[in-house]
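The figures here come from the full heavy-atom set of this structure, side chains too, leaving out hydrogens, waters and symmetry mates. In what follows, chains carry the letters A, B, and so on, assigned in the order in which the sequence lines appear, proteins first and then strands, with residues in each chain numbered from 1.
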Amino acid sequence: MELNDGNLQTLTEFLRKTLDPDPAVRRPAEKFLESVEGNQNYPLLLLTLLEKSQDQVIRVCAAVTFKNYIKRNWRIVEDEPNKVSDPDRTAIKANIVNLMLSSPEQIQKQLSDAISIIGREDFPQKWPDLLTEMVTRFRSGDFHIINGVLRTAHSLFKRYRHEFKSNELWSEIKLVLDTFALPLTELFKATIELCQTHATDVNALKVLFSSLTLISKLFYSLNFQDLPEFFEDNMETWMTNFHGLLTLDNKLLQTDDEEEAGLLELLKSQICDNAALYAQKYDEEFQPYLPRFVTAIWNLLVSTGQEVKYDLLVSNAIQFLASVCERPHYKHLFEDQNTLTSICEKVIVPNMEFRSADEEAFEDNSEEYIRRDLEGSDIDTRRRAACDLVRGLCKFFEAPVTAIFSGYVNSMLSEYAKNPGGNWKHKDAAIYLVTSLASKAQTQKHGITQANELVNLNEFFVNHILSDLKSPNVNEFPVLKADAIKYVMIFRSQLPKEQLLQAVPLLISHLQAESTVEHTYAAHALERLFTMRGPNNSTLITAAEMAPFTEQLLNNLFKALALPGSAENEYIMKAIMRSFSLLQEAIVPYIPTLIGQLTHKLLLVSKNPSKPHFNHYLFESLCLSVRITCKANSATVSSFEEALFPVFTEILQNDVQEFLPYVFQVMSLLLEIHANSIPSSYMALFPHLLQPALWERTGNIPPLVRLLQAYLEKGSATIAGSAADKIPGLLGVFQKLIASKANDHQGFYLLNSIIEHMPPESIIQYRKQIFILLFQRLQSSKTTKFIKSFLVFVNLYCVKYGAIALQEIFDSIQPKTPLLQALIGLFELPEDDSIPDDEHFIDIEDTPGYQTAFSQLAFAGKKEHDPIGDAVGNPKILLAQSLHKLSTACPGRVPSMLSTSLNAEALQYLQGYLQAATVQLV
Amino acid sequence: MPTKNVVDERISKFKNKGKDPVKLREKRITECVELRKASKNENFMKRRNITLSSLPDEDALSPDSNDTVTPLSIEDIIKDVNSDSKESQTRGCQAARKLLSQERNPPLKEIVDAGLLSRFVSFLCMDDEPTLQFEAAWALTNIASGTSWHTQQVVEHGAVPAFISLLASPMLHISEQAVWALGNIAGDGPAYRDVLIECNVIPALLARICPDTPVGYLRNLTWTLSNLCRNKNPCPPLSAVLQVLPSLIQLLHLGDKDILSDACWAISYLSDGDNDRIDVVVKTGIVPRLVELMSHKELSVMTPALRSIGNIVSGSDLQTQAAVDAGVLNVLPQLMRHSKPSVQKEAAWALSNIAAGPCKQIQQLITCGLLPPLVEQLRNGDFKTQREAVWAVTNFTSGGTVEQVVTLVQSGALEAIINLLQVKDAKVILVILDAINNIFMAAEKLGETEKLSLLVEELGGLDRIEMLQNHDNDMVYQAAHSLIEKYFGDGEIEGIKVDTTEDAFLFKSPDVQRTFEF
């Protein structure tokens, strides 16, 4: 491909076609370009076009195409051909910097990207001139060019922020420092001077401040790995200027935009990052400068407005202070009473104020508001940063900080009292301040677990919170109502029970509030109160204590689901679940009505499941309805089947994947309630449950296994009779499951149910194959879990079919196994008896089997089943007796086998078992 | 792109951890390339304008005397030094020495370029002109204290044998001047150090150590000896080390802090090598004294003593045990809590190496109460200390027993390292992820993986690890991802494949009869 006009013309045509909206035109053009890109001079043709084409569109298109070409082809991969010819490489490197710097911004950006891709491969060894070429431009005085260089340098150096220390990397950094650090410093100083001379020229300032921001970013990259000697020696220059910039304000650079951060904010944010880097990593060297930065940053905070555009800067700045004030050797910077007072007054209090943006979110974007306020996804918010600062300060100055804030809280509350309608935000800030001051440790499970003893939470509740809760108009001052509800919720472990009991009916009435945040908080607070533990591991609030409110509670909860915006409100659904669980038989009279509402809801959400938590609690509530009602009268199970099966059928037919695991669990629950028979409606479904497609989804496995177990328990005779042809498929499921480390125990559950329930003659033909598969897995991938499950199975088999049958199977596969030793090992393992008996308290995230793929329903749980049960009183004695039986069947063989294959410890245990069983081996 | 695991690389540098007994660990993690200023704690390699201890009282030769006399110009000096008159030579030498003793910009190069060095060297041999001899020695010493190029000029003019001869001078201040000059030459680097050793400088120096040698003289001598022990690539010849060691041991039992400091530095250089070199030091029986000096009230003594012990515990288990037996674990807690970050860091480094040892030593570390200061450093320490402390945790968790790991977690280390996951250093993050993985492996043995998953989640660890899946560093991303996969997800093993039809799985065991062993 020659560099001539003809080729330039052709290339132009094809580039133009790649922009065509019609794929029939565009695709072939793209194909063509790809087919010729291997030719020498192709990249140079592109460079020529992007520089000289008369058509602006073609210039940009050539630049983008060039960048993508570099991205695909520049790297030389071992054992693969070099895709860019050496003369082209040399020519590109010789021209690209110039070209980039003289191009308009759109093209400059593409070329700058290309340079950093090339730089990543070639810099510094194969591109030794790059740095000096760039540094020379610093002296050009043209800030369009200088910013181009700085941007390119930034893309070359930013990897120093995340790569590991290595000699190779550090040699490169050293080289960069040697060439770049001094000119960068000079440029930094010169740019700052220019800012002063051009202090009134807004356009010049804009360019200069972008340079300063880029320079500050480069500073961050170059200082990231370690503190370079150059920057240590020049710390005075850099830090003095950074400090100056932090304190600088220029009206001309202030933007009108309330949302988007302006140049000043971006620069100051980066300087905060730089200071934070030094404070974290180079504390020893930075110590002399730190106090100045602390002062500058808090002055910055004092003078920065409430607009959203400052949020990142403010939260960065506060976080910097928070991290510094926790360090013992900087304690002295904060301990002066005036300092503390001014931080509290001017930094913390203003950033805790309820802003108009918060108000908008409260009204129009309640989900986002709740996520931030309740679930802690407020990492970047001002309030969170201010809270962190309070906590940091309390580490050393709890008493003075508490005293200062008490004064503020009182004055804000009295402001509110003067004019509640106009000053309600003052009360909001007061409550927030008390909350952040009082809470020292918090978990989702228990709310505040550790509180500041200097704050009287109960008194505040009685004097300032209760009044809002009692206010007859639930729709007045919704923010304060939400604050009050939240207060009860998070301090529930600190407040006395009588206060909580007093709050319960008030919370129930707030379920009717129009504000989404408010009724959501009410539901959430009730749900949390109902999970609190009282004495004897029972709930703190009992069903008896709730009796007067039961009807209103259930009514209001279901009515709240009908409020606008709360049709799939997970907090309300969770509160319904928790109320059912707490109230137990007290709900039975209401179930006939409520089950209709629940199934109706299920039908609606199954069209488009979008709120996983809501759906989960909906199924939990269904399970509770079934369990509680059928416990009182098991005959009602058929009415539940009548209500639920139509919806279930639709879910199964439409293959609503999210819901299948739930449906299988509810079906298991229903089937398990039946006496020992299986309705034909279930048998019709049996073949479908064995379909491989269902088992490919990991979330289906546990509930399907459980459902099959229920089938085996209730319908083994039916299966052996009318569905005997499905037995291989059933065993196929077992085989599939034991092939997985994650699911092998599920395979054993299934196998054990087969052994326990199926008539022996129906499976006799498969027994040997079952053992071979188990041995094979034991050999290829032995895990503790597998061995344990295996031993349990062997034990069960032994009980069901006898030791001799087991021995025969072993002998038919392979005589002499170390099985016995392993079996004894199992008996002597420490027992794990931690079976949860407090399922009422279980949270979705707490369930041991909880994975994103499978959501186990806590309230669909089945009773632990011991297949051996009464048949075996003491397994150790059974083992001794079985061995005894075995030894009398083939005298002389067993003792010698034992003595050669068991270790001393195991033998000793075994002797103990034999004595206890009063048998002797022969 | 190189994809070798950087953590593995460093782990293989810790003793025992590379599972390659031959390739134990690199002693001090010295990267050849440094970005930082050379450490301020390090001893000076070359010294200028130290005060000689043995100047005769009546001699008015100190650099500050005769200030009233206007200094000679370089031209006058050249004329004087090159003259034949002893008196002028002496005057010229003295003037040159004074110029060279200037605090700011001494004209080292001018004097060299003036061709005066060969004259100075020739004056060194004039035993009958002690003043001239001394002034020449002093001038040369000052030149040798300059850059490598300056030192090279001095050596190439044949000063080495002349100075070694001067060591034996009956005039103590002349001998001391020679000690100082030789120290500067030795401090230049391994090449000149070995030139001096070849010229038998060591016996000549050691001969000056006797009960009545003045303390000041001994200080300079110890410093020169330390420079003869200094530098790697290559290390000083073993024979020289064996020659010096007995005297160093002797010096280490004196009470003078400067002597102790330089003697300790010497030991720290000698122990900064492979295990054979450490062995030579340990066999002298000096370890208990070094451990004792780790509690010395002078930072200048404590620092090199700590570094020496740090080097020794980076050696074999047996060498480490010698330090443990000498009580190093009783001293480390207070050093971990020392007010100077550099001391904390060195102490944490030593601790990280002891934690890389067998579980018996880990147990001793627990018993001696090292976990509380370790956790304190993880929480509040200087970053350099935190980094070493993180390594200590990772080493501990990879070599400790399950019970020991549980103790570590209970002491608050897990919480502390989880907090450090937000640190601005990719390697430290990776090392922490490695520690968390090790702790999970211990939990697996206890069957408490799920409990640990919950704990990590409660401590905010899961959020942070999930966030690290967005880290720009690929290995950090991988490590975070695999932790999530392993302990917060599930997996399937290959081996037993199942055929399927449309409706069901095919149940079928393999046809081939085989022998099972498990």
Short question: side chain of [X], backbone of [Y] - any donor-acceptor pair under 3.5 Å?
| X | Y | answer |
| --- | --- | --- |
| A:Lys281 | B:Lys424 | yes |
| A:Lys174 | B:Glu34 | yes |
| A:Glu284 | B:Pro341 | no |

Check your understanding: Measuring heavy-atom distances to chain B, does A:Leu177 have an atom under 4.5 Å in its side chain, in its backbone, in both, or in neither?
Key -> side chain

Check your understanding: Which is it for A:Glu285 and B:Lys37 under the salt bridge (charged side-chain N to carboxylate O under 4.0 Å, His left out) test, yes or no, and what are the steps along the way?
Key -> CA-CA 11 Å; A:Glu285 294 81 3; B:Lys37 258 188 199 311; over 6 Å; no

Check your understanding: Using non-hydrogen atoms only, which part of B:Lys384 is less than 4.5 Å away from chain A: side chain, backbone, both, or neither?
Key -> side chain

Review point. So what's closer than 4.5 Å to chain A heavy atoms on B:Val428: side chain, backbone, both or neither?
Key: neither

Study note, to complete from the structure: B:Gln422 and A:Gln280 have their tightest heavy-atom pair at O-NE2, 4.2 Å

Practice item. Taking all heavy atoms of A:Glu163 and all of B:Asn473, pick out the closest pair and write down the distance. Key: CA-ND2, 3.8 Å

Check your understanding: Taking only residues two or more places apart in sequence, or in another chain, which ones meet A:Tyr220 in a ring-ring contact (aromatic ring centres under 6.0 Å, His included)?
Key -> A:Phe224

Check your understanding: Looking at A:Leu227, A:Asp283, A:Val733, which one has more heavy-atom pairs under 4.5 Å with chain B than the rest?
Key -> A:Leu227

Practice item. Between chain B and each of A:Asp233, A:Asp744, A:Leu689, count heavy-atom pairs under 4.5 Å; write down the option with the most. Key: A:Asp233

Look up atom [atom1] in [X] and atom [atom2] in [Y], then write down how far apart they are to the nearest 0.5 Å.
| X | Y | atom1 | atom2 | value |
| --- | --- | --- | --- | --- |
| B:His471 | A:His162 | NE2 | NE2 | 8.0 Å |
| B:Asp425 | A:Arg161 | CG | CZ | 14.5 Å |
| B:Asn380 | A:Glu326 | CG | CD | 8.0 Å |

**Study point:** Within 6.0 Å of NZ in B:Lys451, more than 12 heavy atoms from elsewhere
**Key:** no

